[in-house]
Amino acid sequence: MTGTDVQKEAEDSGPSGYAAARLRLLTEEARSGPPRRAALADLTDEWLTGLFAAGAEGLRGASLVAVGGYGRGELSPRSDLDLLLLHDGADTKAVAALADRLWYPVWDLGLDLDHSVRTPAEARKTAGEDLKVQLGLLDARHIAGDLGLTASLRTAVLADWRNQAPKRLPELQELCAERADRQGELQYLLEPDLKEARGGLRDATALRAVAASWLADAPREGLADARRRLLDVRDALHLTTGRATDRLALQEQDQVAAELGLLDADTLLRQVYEAARLVSYASDVTWREVGRVLRSRAVRPRLRAMLGGGKPAGERSPLAEGVVEQDGEVVLARAARPERDPVLPLRAAAAAAQAGLPLSLHAVRRLAATVRPVPTPWPAEAREQLVTLLGSGRPTIEVWEALEVEGLITRLLPDWERVRCRPQRNAVHLWTVDRHLIETAVRASEFTRRVSRPDLLLVAALLHDIGKGWPGDHSVAGEIIAKDVAARIGFDRHDVTVVATLVRHHLLLIDTATRRDLEDPATVGSVAEAVGSQGTLELLHALTEADALATGPAAWSSWRGSLVADLVKRVSAVLAGDAPDDPEEAAPTAEQERLALEAAATGSPVLSLRAQTEPPAGQEPSGDPEPLGVELLIAVPDQPGVLPAVAGVLAMHRLTVRTAELRSLHLPDGVDGSVLLLDWRVAAEYGSLPQAARLRSDLVRALDGSLDIAGRLAERDAAYPRRRGVVAPAARVSVHPAASRLATVIEVRSQDAPGLLFRIGRALEDASVRVRSAHVSTLGANAVDAFYVTGPEGAPLPGDEAASVARKLQETLRG
């Protein structure tokens, strides 16, 4: 039977004919999705038109209007009918009789009905008082009666909506937020409400309302398809349950999947989650745009510039190379060339997360459309930017999702596809697999001061459950994947092994601590054998806690934490050996010796800048050489204040220190004096590197006191304050008295920031200690620095004096 035949049967046979035609339509296997919803709406229109014609004979100035989902022509099998009987107020008794002729047949068939009888003035007044009524009227559609009456109401309602948008849109946004708080996020729930949860059908309708205001519009790509998929699932849910329900309960998911021709319930949930994620992202982008437009309308540009500290509207503030901030979003610089800069997506994402700002939709889509693949293995900068992104705390989530929606994550990390939107059917887990991995990285960012290799911790957090997309033990599968990913993103062989070990054994500590006898030496010995080193144990302890905290409140407690800490203490004792002394002093290269001799002869600093393509000492080359930054070699006659002077000059020139070594160099026999050698790797925050001659000139002035570095840096920060969106863990300063016989080792773990090394160096100078050597590493956004210091006479510091220096340094970094 064709759609026309079904409609004719309904028209000819009255309510019973409509019921039969409706049943026939809903059981047709050949028709589903949008065609069936539209056909059901048309069928219902025909039936109601017949009822209206029979009851409105002789009545003028009345019309029947579909609103809400019915108004959009989207009737699911058990959807209620949203109807408005509109009239001009001339004959209220006749209108009341007509209403009875319309509503009772609907009720008699057992259909849910949401109905009202109003004049156009009453409808507009009610809409002005009730936002939900107004939203329903935005989709008003004429069914029967006076077409002019319906058209005039539609025109008036749309005009009211557009005129009142600055007031009503914030109300709508608040309504959406309250609903999200009550119902949760559709893309993570095991039993989601397809309509009410965040990212569901209500939010999709809200986006239509925003578009109708002409104030802003949602990103349309993929949105209609996401909405269609959610409606298809709701249709199948109605058909399998026979109820008007929007909650996708666990016991019904297999039936719904079968109705839709899907493999299983997990496949169904992944489709739902993918659609919800797109709707949620479109909502975020749209509400951000609404806020921007309303702010720009509320305050005149010149006044807004005054209130904002003199920042003119639309000004672009640089954040990183090729990346700027504009109007509260991170966008690409005008000179950015994504097609020539494969690291740009990671650099933009890291800059956005560090600043606590969203990536603009236009920027992400431009990157997705034009950027080249990152070379394999990744260049050092790409790896560092990924670590910076992962270590940025809570802002990482929004930025990661922006990249995810446009497909950039799976292009960077192809193995991500198997865990994307993958449900976890475990009551303990709050999130899908992919979101759990990001949540674990966010939690791990809080523990970066506890470990000496925060970069390995963050990458292991991102990958620890990556094996859940494969059959078998996810830890075993994950170890193989993690080894491949870590090598692909450019870690050396040793670091690849550590990451793979962390992924393989990420459940080892919690399982052993809660299920085994810790008094049994064999238990502790087996863990020590699996872990292998103190450094890996330190990382595994932090990963274990981050993983549990990211799982849900039932996965971690103070009791579990104490058991794990006890196990770690016992394993650490087994792994403990003799403390390392000072690292061996490598023989100077010919270039280093040349600079040192020149510095000794001239009594002034000399330096050289060159591109560094060889891997750092101890790291094996892999494939073609890659530029790792710029190597800055400086030789300075030994004197006070060298470390803060060099660090301050580099900060003035906006040079980021990636690694730094400082040591005294023994000069050949017959050469008087002592020289400090600084071997640093630096990179420009943005723009080009300064000339070596300019750096040397400023360094000479800094050492003789004629250049006020602190003042210059303070002036720059006051004129152009640096945005800090990330609330980083507090800096941690510790003394390691057993780490060296010749010096006191003070270790600093902190968030990297412009001028950080200058502040540390100046604090050490103020404490009247001599820096014998320094070993500085910047791992993503984390600085891990070790300073071998002595007193003025060249001996290690007494315990109380070392503790005092560490406290003062900690206070400096807090300031």
**Asked** Does a donor on one side chain and an acceptor on the other come within less than 3.5 Å for Ser533 and Thr536?
**Response** yes
**Asked** Any salt bridge between Asp495 and Arg453, counting N to O under 4.0 Å?
**Response** yes
**Item:** Whether over 12 other heavy atoms sit under 6.0 Å from Arg450 CZ
**Value:** yes
**Asked** Any side-chain heavy-atom pair from Ile466 and Val485 closer than 4.5 angstrom?
**Response** no
**Prompt:** For the ring pair His775 and Phe787, is the centre-to-centre distance below 6.0 Å?
**Reply:** no
**Request:** Measure the CG-OG distance between Asn782 and Ser445 for me, rounded to the nearest 0.5 Å.
**Result:** 8.5 Å
**Prompt:** Can a donor-acceptor pair be found between the side chains of Asp517 and Thr523 at a distance below 3.5 Å?
**Reply:** no
**Asked** Below 4.5 Å, heavy atoms only, C-beta onward: do Gln187 and Glu274 meet side chain to side chain?
**Response** no
**Request:** For the pair Arg435 and Ile397, evaluate side chain to side chain contact (heavy atoms under 4.5 Å, CB included) and give the outcome as yes or no after the intermediate values.
**Result:** CA-CA 8 Å; Arg435 176 62 183 269; Ile397 295 172; 3.7 Å; yes
**Prompt:** Checking Tyr188 side chain against Cys421 main chain: does a donor-acceptor pair fall under 3.5 Å?
**Reply:** no
**Derivation and outcome, side chain to side chain donor-acceptor pair (under 3.5 Å), residues Gln424 and Thr432** = CA-CA 6 Å; Gln424 303 203 75; Thr432 52; over 6 Å; no
**Message:** Between Arg420 and Asp415, does any NZ, NE, NH1 or NH2 come within less than 4.0 Å of an OD or OE carboxylate oxygen?
**Reply:** no
**Asked** Taking all non-hydrogen atoms of both residues, which atom of Leu457 and which atom of Phe447 are closest, and how far apart?
**Response** CD2-O, 4.2 Å
**Request:** For side chain to side chain contact (heavy atoms under 4.5 Å, CB included), just list the numbers for Leu458 and Leu779, CA-CA rounded to whole Å, side-chain angles, deciding distance to a tenth of an Å, and then say yes or no.
**Result:** CA-CA 10 Å; Leu458 293 167; Leu779 304 167; over 6 Å; no
**Prompt:** Considering the options Thr501, Asp465, Thr544, Asp511, which one meets the side chain to side chain donor-acceptor pair (under 3.5 Å) requirement together with His506?
**Reply:** Asp465
**Prompt:** Any ion pair linking Glu631 and Arg610 (charged N to carboxylate O, less than 4.0 Å)?
**Reply:** yes
**Message:** Check whether Trp378 forms a cation-pi arrangement with Arg488 (NZ or CZ under 6.0 Å from the six-membered ring centre, at most 45° off the ring normal).
**Reply:** no
**Message:** Ring centres under 6.0 Å, that's the criterion: do His464 and His436 meet it?
**Reply:** yes
**Request:** Answer whether the closest heavy-atom distance between the side chains of Val784 and Pro454 falls below 4.5 Å.
**Result:** yes
**Prompt:** Any ion pair linking Lys808 and Asp766 (charged N to carboxylate O, less than 4.0 Å)?
**Reply:** no
**Asked** Is the shortest heavy-atom distance from the side chain of Ile634 to the side chain of Leu632 under 4.5 Å?
**Response** yes
**Request:** Check the pair Arg270 / Asp264 against salt bridge (Lys or Arg N to Asp or Glu O under 4.0 Å), numbers first and verdict last.
**Result:** CA-CA 10 Å; Arg270 286 193 78 177; Asp264 54 25; over 6 Å; no
**Message:** Using every non-hydrogen atom in the two residues, find where Ala513 and Leu567 come nearest and quote the distance to one decimal.
**Reply:** N-CD2, 4.0 Å
**Message:** Between Glu439 and Arg443 (salt bridge meaning N to carboxylate O under 4.0 Å), is one present in this structure?
**Reply:** no
**Item:** Thr744 side chain vs Leu797 backbone, donor-acceptor pair below 3.5 Å
**Value:** yes
**Prompt:** Taking all atoms of both residues into account, what is the closest heavy-atom pair of Ala548 and Ala555, and its distance?
**Reply:** O-CB, 3.5 Å
**Prompt:** Any side-chain heavy atom of Leu655 sitting closer than 4.5 Å to one from Trp680?
**Reply:** no
**Prompt:** For the side-chain contact (heavy atoms from CB on, under 4.5 Å) test, which of Glu417, Arg418, Arg277 pairs with Asp434?
**Reply:** Arg277
**Asked** Is the backbone N or O of Ser452 less than 3.5 Å from a side-chain atom of Glu538, with the two atoms forming a donor-acceptor pair by type?
**Response** yes
**Message:** Counting only heavy atoms not in Glu191 (residues, nucleotides, ligands), do more than 12 fall under 6.0 Å from its CD?
**Reply:** yes
**Heavy-atom closest pair, residues Leu359 and Ala349** = CD1-CA, 4.1 Å
**Item:** CD on Glu593 to CG on Leu677, rounded to 0.5 Å
**Value:** 11.0 Å
**Message:** One thing to verify: whether Glu747 and Arg449 come together as a salt bridge, which I'm taking to mean a side-chain N less than 4.0 angstrom from a carboxylate O.
**Reply:** no
**Item:** Thr512 (side chain) donor-acceptor with Leu509 (main chain) under 3.5 angstrom
**Value:** no
**Request:** Could you check if a side-chain atom of Arg383 sits within less than 4.5 angstrom of a side-chain atom of Leu386, using non-hydrogen atoms only?
**Result:** no
**Request:** State the OG-CD distance between Ser392 and Gln354, to the nearest 0.5 angstrom.
**Result:** 3.5 Å
**Message:** Would you say that Asp520 contacts Val524 through its side chain, given a criterion of any heavy-atom pair below 4.5 Å between the two side chains?
**Reply:** no
**Message:** Once rounded to the nearest 0.5 Å, what's the spacing between atom CD of Glu545 and atom CD1 of Ile510?
**Reply:** 9.5 Å
**Stepwise side chain to side chain contact (heavy atoms under 4.5 Å, CB included) test for Leu412 and Val374** = CA-CA 7 Å; Leu412 290 165; Val374 181; 3.6 Å; yes
**Message:** Looking at every heavy atom in both Pro553 and Leu430, which two are closest together, and how far apart are they?
**Reply:** CD-CD1, 4.0 Å
**Side-chain donor/acceptor of Arg749 to backbone N/O of Val451, under 3.5 Å** = yes
**Asked** Out of curiosity, Trp431 CH2 to Thr440 OG1, how far, rounded to the nearest 0.5 Å?
**Response** 11.0 Å
**Asked** Counting only heavy atoms not in Lys483, do more than 12 sit closer than 6.0 Å to its NZ atom?
**Response** no
**Message:** Counting C-beta onward and ignoring hydrogens, is there a side-chain heavy-atom pair between Leu756 and Leu813 closer than 4.5 Å?
**Reply:** yes
**Request:** With rounding to the nearest 0.5 Å, note down the distance linking OG in Ser740 to CG in Leu742.
**Result:** 4.5 Å
**Message:** Consider side chain to side chain donor-acceptor pair (under 3.5 Å). Of Glu381, Glu384, Gln385, which one does Arg347 pass it with?
**Reply:** Glu381
**Fill in**
Heavy atoms of Ala806 and Val735 approach each other most closely as CB-CG2, 3.7 Å
**Message:** Checking Trp416 against Val433 for the side chain to side chain contact (heavy atoms under 4.5 Å, CB included) test, could you report, in this order, the C-alpha distance in whole Å, the side-chain angles of both residues, the deciding distance, and whether it holds?
**Reply:** CA-CA 10 Å; Trp416 195 258; Val433 177; over 6 Å; no
